[in-house]
**Student:** 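Here it is, the structure, as structure tokens.
Fair warning: this is a prediction, and the values are worked out from it, not measured in the lab. Residue numbers begin at 1 in each chain, while the letters A, B, ... track the order of the sequences.
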Amino acid sequence: MFMEYNFRSIEQKWQKAWSEQGVYKVSNQSAKPKFYVLDMFPYPSGAGLHVGHPLGYIASDIFSRHKRLKGFNVLHPMGYDSFGLPAEQYAIEHGIPPAVSTANNINNFRAQLDRIGFCYDWSREVQTSDASYYKWTQWIFLQLFDSWFNRRSQRAERISTLISLFETEGNTAHECPGNRNLRFGASDWKGFSEREKQDIIMHYRLAYCGYGEVNWCEALGTVLANDEVINGVSERGGFPVVRKKLRQWYLRITEYADRLIAGLETVEFSDSMKEMQTNWIGKSYGAEIDFKIDGAERFLKVYTTRPDTIFGVDFMVIAPEHELVAKITSAGQQKAVDEYLAYVNSRSERERMAEKKITGVFTGAYCVNPFDGKKIPVWISEYVLAGYGTGAIMAVPCGDERDYKFAKHFDISITNIIGDAFNGEDANPTKDAILENSGFLNGMVMRDATDVVLKKLEQEGIGTRRVNYKMRDAAFSRQRYWGEPFPIVWKDGIAVPLPESELPLTLPHLDELKPGPEAEGPLANLDEWKHYDGGIREVNTMPGYAGSSWYFLRYMDPGNDAAFCSREASDYWNQVDLYIGGTEHAVGHLLYSRMWTKALYDLGYVGFDEPFKRLVNQGKIGGDSRLVYRIRGTHEFVSAGLKHQYETDELHVDVNIVNGFELDMNAFKKFKPDYAEATFITEDGKYICGSRLEKMSKRYFNVVNPDDVVERYGADTFRMYEMFLGPVEQDKPWDTKGIEGVHRFLKKVWRLFADEEKGKILVNDHEPTEAQWKALYKMVRKVDEDTERFSFNTAVSAFMIGVNELLDLKTHQRKILEKLAVSLAAFAPHIAEELWHLLGKEGTVLNAQWPAVEEKYLVETAKMYPVAINGKTRTEMSIALDATQEQVEGMVLQDEVVKKWLEGKQPKKIIYVKNKMINLVV
RNA sequence: GCGCAUGUGGCGUAAUUGGUAGCCGCGCCAGACUUAGGAUCUGGUGUCGUGAGACGUGGGGGUUCGAGUCCCUCCAUGCGCACCA
């Protein structure tokens with residue numbers, strides 16, 4: 001039949017036409033208001049897409065198309081985050097160069113994406129591994145390298161301003177972020193050698209090179225950023241990670257900590273997202289206090305957020321790596337301390353994470369409490385981290401759980417400064433108790449005492465207020481090949497940036513990606529490349545997040561060879577209005593790109609300092625695995641309902657050879673060679689599988705490829721079904737069976753336009769009835785509202801309700817069908833376009849206008865009110881909307897059902913809420 | 001352990017502001033058309049009960065004329081952080 005809904009030919013036809021006509025091309029010049037919708041661009045992995053990946057892409061695509069129909073100039077681009085470790089690992093294992101496998105994977109991704117019918121403007125595509133792109137990643141790096149963060153103005157400024165400050169006043173007014181103890185005056189500065197000057201400047205740069213403890217992953221042969229390490233192992237691959245001191249590039253993101261926190265108030269991210277970022281930054285207010293070491297001219301500097309508890313300090317704990325360990329350990333304790341340090345060194349990061357034993361050793365040294373002269377023993381323990389605060393704490397066991405446990409474990413006596421608030425069994429971290437045993441603080445509420453102590457500490461010069469952050473500077477180099485080379489040449493130990501004219505510094509070809517000497521990357525093996533202009537090139541490369549920290553800007557002006565993005569373009573497109581992506585980038589990508597944007601803003605290259613105005617996190621789609629049960633030691637498989645009668649082993653089976661729960665037994669025999677001889681114990685001739693919801697992953701054979709779904713049901717069905725599954729932001733399982741309902745819906749739409757059996761078009765030019773207008777507009781309004789608030793699942797439902805009604809009303813009038821076709825254009829663009837042309841329209845439905853709702857068809861004069869007696873609905877009554885309380889009371893009391901329930905009694909009260917309900921209180 | 005979410009039919013879910021709980025779809029049941037059905041269409045489908053009706057949004061309590069929605073408490077699941085002083 002030629003009038004049937006042939007989605008395959010329809011979708012192919014329009015995808016081809018759209019591409020030929022360039023209908024998705026977006027201009028930077030337009031009289032329309034702009035709207036920028038962005039997807040987190042993918043890393044093009046070899047595995048391709050499964051049905052979970054496009055969820056966010058479909059949502060953003062629908063939203064973009066909707067905005068376009070509503071008269072916006074919509075930027076909706078896509079590209080690839082194509083540098084990264086997996087391509088390099090793959091190259092090492094299979095001998096295929098990263099550039100080649102990446103290109104293949106990108107082609108694959110593109111083909112998959114194209115089949116779903118996205119409205120991306122592919123002329124703006126970016127690939128982070130493309131030299132024309134990473135030229136500007138390198139350029140931005142150089143701007144960060146040439147900048148420092150002025151804490152007084154709270155913004156990035158050029159290094160030249162820093163140098164003139166040094167020349168006139170030294171660094172007295174600008175504490176060195178890389179080395180707090182560094183102090184020098186203008187005359188000192190003039191006396192420094194060039195090398196010394198450069199070393200000092202390096203301590204200020206926003207992109208800097210330094211030595212530091214990094215997360216070294218031996219298996220990956222590289223360092224990892226903090227957010228790439230999960231529970232002591234690498235996020236990718238789960239390999240062990242150790243702390244190692246290495247020369248490394250960093251981004252001084254800590255300087256932006258306050259602005260990153262403050263900026264969260266200006267953007268629409270979910271509360272949990274904001275909270276994750278806030279926690280990651282981990283700002284805390286406290287004090288640094290110097291405790292004199294008893295019998296020595298040394299001080300122990302501790303960081304505490306609770307200076308009010310200073311009289312409750314029963315011991316000190318310093319990190320095993322603390323510099324005082326070597327200096328204050330008493331002769332008597334030397335052996336015990338050495339043994340403890342050896343023990344700590346033997347423990348990997350992972351072991352420390354896994355088993356939290358209370359360990360520690362006494363140094364033999366004592367501190368003196370500055371206020372009451374009490375002697376306080378100094379202990380060493382691994383629970384104090386060298387990298388946070390000062391690497392030393394004052395322990396207050398009555399108020400801190402860990403300190404309490406430590407004191408108990410080592411039998412240290414506990415001073416109670418909070419009276420009844422401390423029960424002797426558990427520490428109580430309250431701030432509301434009244435202080436006792438606390439010298440001049442006695443009788444004060446702890447909360448108020450804090451400031452009193454701080455003032456006193458400052459007066460006496462033994463302590464200062466201090467803000468601390470959990471967040472560390474971000475490691476910004478990798479001992480790897482497949483990343484952006486640093487445009488830096490080392491000359492006499494000084495990092496010299498390449499001039500802009502030499503960018504891009506292209507990644508040289510390498511036949512073999514083996515590591516270089518001394519934990520250096522593969523580039524170190526390339527002698528002729530390494531030696532350049534009388535110096536040695538930086539052989540590390542940039543990490544995966546370099547290119548992704550600014551890609552949203554490149555889309556605005558992708559072809560620009562003179563700038564990363566013209567100010568004109570970024571002023572026009574401005575912030576990303578809607579950013580859709582997964583939560584997994586909460587503390588990585590989202591913080592880095594926010595920081596880069598802030599730096600570019602400070603330097604005057606863009607006019608906004610938050611990149612993403614609104615962020616929506618799509619949920620994950622889980623796999624619905626199918627299980628078969630093999631009788632142990634045999635090739636016989638037993639159906640799920642009978643498995644308890646046997647001893648069985650549970651095995652995953654490919655979900656694609658199972659219909660619902662029924663196994664295709666012939667396909668199963670071909671699934672794996674082992675199963676060729678399989679026999680089955682069935683239930684009524686059917687083999688029923690077990691099921692389990694788990695991650696969608698190859699290893700569970702529960703991966704559903706969008707290509708297969710599109711092939712079977714079409715892209716429009718696939719798009720609408722993904723949305724119909726539930727709220728975008730929610731995690732949910734994939735169930736292919738349910739897709740039939742959505743497919744049926746599209747066929748119903750088709751039947752409004754054409755009769756499949758008789759093979760003719762049904763569209764006529766009659767005037768629609770009021771009921772038909774009402775059904776249409778109700779639907780149009782709901783779809784519009786729901787789409788605007790990202791409630792795509794209810795929008796699909798509104799379509800279904802609307803079309804069911806129109807079908808019941810035998811609606812074939814052109815006036816209605818035109819508007820229906822337009823309203824569908826965002827969700828099911830292919831069928832919408834086909835129907836648009838079937839109605840004889842020109843051009844593309846993409847450029848149509850969203851139908852304006854004619855209110856007159858939606859006004860109601862009466863409503864069916866639920867009538868409740870004592871809150872329980874007993875009947876319904878149709879009542880005019882403008883009825884008064886008296887009229888309603890009269891009508892209600894006449895009603896037979898109401899009379900029955902009143903049993904002759906007078907209602908105490910009749911509640912009538914207009915347009916809602918009626919309730920009688922008896 | 002701390003923080004944040006989320007708990008509604010057999011399943012995915014709906015109820016935008018405290019106002020008819022279960023829309024829409026899957027599945028299931030019955031029927032129609034059919035050589036056939038994993039096609040299409042029609043009707044039914046929260047639970048208990050023959051029925052009138054009763055019960056029902058994780059459990060318990062509260063506020064209210066009225067609670068899935070607000071408050072208290074407990075439980076379960078998911079996510080994030082986890083010696084951060």
**Student:** Among residues 718-729 of chain A, which contact RNA chain B at a heavy-atom distance under 4.0 Å?
**Tutor:**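 RNA chain B contact set from residues 718-729 of chain A: A/Phe724, A/Leu725, A/Pro727.
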**Student:** Counting side-chain heavy atoms from CB outward, which of B/rU16, B/rA85, B/rC26 is closest to A/Lys782?
**Tutor:**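 Side chain of A/Lys782 sits closest to B/rU16.
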**Student:** Can you check whether A/Thr254's main-chain N or O pairs, donor with acceptor, with A/Asp473's side chain at less than 3.5 Å?
**Tutor:**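 Present.
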**Student:** Heavy atoms under 4.0 Å, any strand shown: does A/Lys747 hit a base, just sugar-phosphate, or nothing?
**Tutor:**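 Counting heavy atoms under 4.0 Å across all strands, the contact made by A/Lys747 is with sugar-phosphate only.
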**Student:** From CZ of A/Arg781 over to C1' of B/rU16, roughly how many Å is that when rounded to an integer?
**Tutor:**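 Nearest whole value for this atom pair: 13 Å.
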**Student:** Only one of A/Trp379, A/Tyr383, A/Phe315 passes side chain to side chain contact (heavy atoms under 4.5 Å, CB included) with A/Ile393; say which it is.
**Tutor:**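 Looking at A/Trp379, A/Tyr383, A/Phe315, the match for A/Ile393 under the side chain to side chain contact (heavy atoms under 4.5 Å, CB included) is A/Tyr383.
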**Student:** Measure from the side-chain heavy atoms of A/Val384 and tell me the nearest of B/rG80, B/rA85, B/rG12.
**Tutor:**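 Ranking B/rG80, B/rA85, B/rG12 by closest atom to the A/Val384 side chain puts B/rA85 first.
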**Student:** Please classify the nucleic acid contact of A/Ile801 as base, sugar-phosphate, or nothing, using heavy-atom distances under 4.0 Å.
**Tutor:**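 Here A/Ile801 touches the backbone only, sparing every base.
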**Student:** So, is A/Tyr303 near the phosphate of B/rA85, with a side-chain N or O under 4.0 Å from OP1 or OP2?
**Tutor:**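 No, A/Tyr303 has no side-chain N/O under 4.0 Å of OP1/OP2 on B/rA85.
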**Student:** If only atom types and distance count, is the side chain of A/Thr875 paired as donor or acceptor with the main-chain N or O of A/Val897 below 3.5 Å?
**Tutor:**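 Checked: no pair found.
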**Student:** My understanding is that only one of A/Thr873, A/Leu881, A/Val892, A/Val888 makes a side chain to side chain contact (heavy atoms under 4.5 Å, CB included) with A/Tyr865; could you say which?
**Tutor:**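 Option passing the side chain to side chain contact (heavy atoms under 4.5 Å, CB included) with A/Tyr865: A/Leu881.
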**Student:** Within the distance-only criterion (no hydrogens, no angle test), does the side chain of A/Asp314 pair as donor or acceptor with the backbone N or O of A/Thr415 below 3.5 angstrom?
**Tutor:**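 A pair under 3.5 Å: yes.
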**Student:** As a test of the definition: with a 90° window around 0 for syn, would you call B/rG58 syn or anti?
**Tutor:**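 B/rG58: anti glycosidic orientation.
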**Student:** Flag yes if more than 12 heavy atoms outside A/Asp271 fall under 6.0 Å of its CG atom; otherwise flag no.
**Tutor:**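 Count not over threshold, so no.
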**Student:** For A/Lys778, check salt bridge (charged side-chain N to carboxylate O under 4.0 Å, His left out) against everything at least two apart and list the hits.
**Tutor:**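 Partners of A/Lys778 under the salt bridge (charged side-chain N to carboxylate O under 4.0 Å, His left out) test: A/Glu805.
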**Student:** If the test is side chain to side chain contact (heavy atoms under 4.5 Å, CB included), which one of A/Val796, A/Ile621, A/Val742 qualifies with A/Leu725?
**Tutor:**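 Exactly one candidate clears the test, A/Ile621.
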**Student:** Output the rounded distance in Å from CD1 (A/Ile869) to P (B/rA54).
**Tutor:**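 Roughly 11 Å, once rounded to whole Å.
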**Student:** If you look at every strand shown and take non-hydrogen atoms under 4.0 Å, does A/Asn793 touch a base, only sugar-phosphate, or nothing?
**Tutor:**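 The answer is sugar-phosphate, as A/Asn793 gets under 4.0 Å only of primed atoms, P, OP1 or OP2.
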**Student:** Kindly say whether A/Asn702 contributes a backbone atom to a donor-acceptor pair with the side chain of A/Arg626 at under 3.5 angstrom?
**Tutor:**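 Checked: no pair found.
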**Student:** Given B/rC83, B/rU20, B/rU16, identify the nucleotide with an atom nearest to the side chain of A/Glu382.
**Tutor:**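 Output: B/rC83.
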**Student:** Any base atoms under 4.0 Å from A/Gln730, or only sugar-phosphate, or nothing? Heavy atoms, all strands.
**Tutor:**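 Sugar-phosphate only.
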**Student:** Please work out if A/Arg874 contacts a base, only the sugar-phosphate, or nothing of the nucleic acid, heavy-atom cut-off 4.0 Å.
**Tutor:**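 If one applies the 4.0 Å heavy-atom cut-off, A/Arg874 turns out to touch the sugar-phosphate alone, with no base involved.
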**Student:** With rounding to the closest Å, how many angstrom separate the P atoms on B/rU34 and B/rG46?
**Tutor:**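 Approximately 32 Å lies between the P atom of B/rU34 and that of B/rG46.
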**Student:** By nearest atom, which of the nucleotides B/rU40, B/rG27, B/rC65 is closest to the A/Asn919 side chain?
**Tutor:**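 Given the options B/rU40, B/rG27, B/rC65, the side chain of A/Asn919 is closest to B/rC65.
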**Student:** Looking only at side-chain N and O atoms, does A/Lys872 come under 4.0 Å of OP1 or OP2 in B/rG66?
**Tutor:**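 So the side-chain polar atoms of A/Lys872 never come under 4.0 Å of the phosphate oxygens OP1 or OP2 of B/rG66.
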**Student:** Just to verify, which of A/Leu746, A/Ile58, A/Thr787 counts as forming a side chain to side chain contact (heavy atoms under 4.5 Å, CB included) with A/Phe827?
**Tutor:**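 Among A/Leu746, A/Ile58, A/Thr787, the one meeting side chain to side chain contact (heavy atoms under 4.5 Å, CB included) with A/Phe827 is A/Thr787.
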**Student:** Atom CG of A/Asn804 to atom P of B/rC24: distance rounded to whole Å?
**Tutor:**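 A/Asn804 atom CG is separated from B/rC24 atom P by 8 Å.
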**Student:** Rounding to an integer number of angstrom, what distance separates B/rA14 and B/rG7 when you compare their P atoms?
**Tutor:**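 To the nearest whole Å, 9 Å.
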**Student:** Touch check for A/Arg751, heavy atoms < 4.0 angstrom, all strands: base, sugar-phosphate only, or nothing?
**Tutor:**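 Answer is sugar-phosphate: A/Arg751 comes under 4.0 Å of backbone atoms only.
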**Student:** Classify the nucleic acid contact of A/Glu740 as base, sugar-phosphate or nothing, counting any heavy atom under 4.0 Å across all strands shown.
**Tutor:**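 A/Glu740: no heavy atom of the nucleic acid under 4.0 Å.
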**Student:** Both atom distances under 3.5 Å, Watson-Crick or G-U wobble: I'd like the secondary structure of RNA chain B as a dot-bracket string, with | for pairs made across strands.
**Tutor:** (((((((..(((......[....)))((((((.......))))))(((....)))..(((((..]....))))))))))))....
**Student:** If the C1' atom of B/rU45 is compared with that of B/rG10, how far apart are they to the nearest Å?
**Tutor:**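 The same atom, C1', in both gives a distance of 11 Å.
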**Student:** Please classify the nucleic acid contact of A/Asn279 as base, sugar-phosphate, or nothing, using heavy-atom distances under 4.0 Å.
**Tutor:**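 Answer is nothing: A/Asn279 stays at 4.0 Å or more from every strand.
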**Student:** Quick one: label A/Val317 by what it contacts on the DNA or RNA (base, sugar-phosphate, nothing), any heavy atom closer than 4.0 Å.
**Tutor:**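 It contacts nothing in the nucleic acid.
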**Student:** Which part of the nucleic acid, if any, lies within reach of A/Lys620 when heavy atoms closer than 4.0 Å are counted: base, sugar-phosphate only, or nothing?
**Tutor:**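 No contact.
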**Student:** Verify, without hydrogens or angle tests, whether A/Asn617 (side chain) and A/Gly581 (backbone) share a donor-acceptor contact under 3.5 angstrom.
**Tutor:**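 Looks like yes, one N/O pair under 3.5 Å.
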**Student:** Tell me whether the side-chain N/O atoms of A/Arg744 come closer than 4.0 Å to OP1 or OP2 in B/rU40.
**Tutor:**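 Yes, such a contact exists.
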**Student:** If I pick the P atom on B/rG44 and the same atom on B/rG22, what distance separates them, to the nearest angstrom?
**Tutor:**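 That atom pair is separated by 15 Å.
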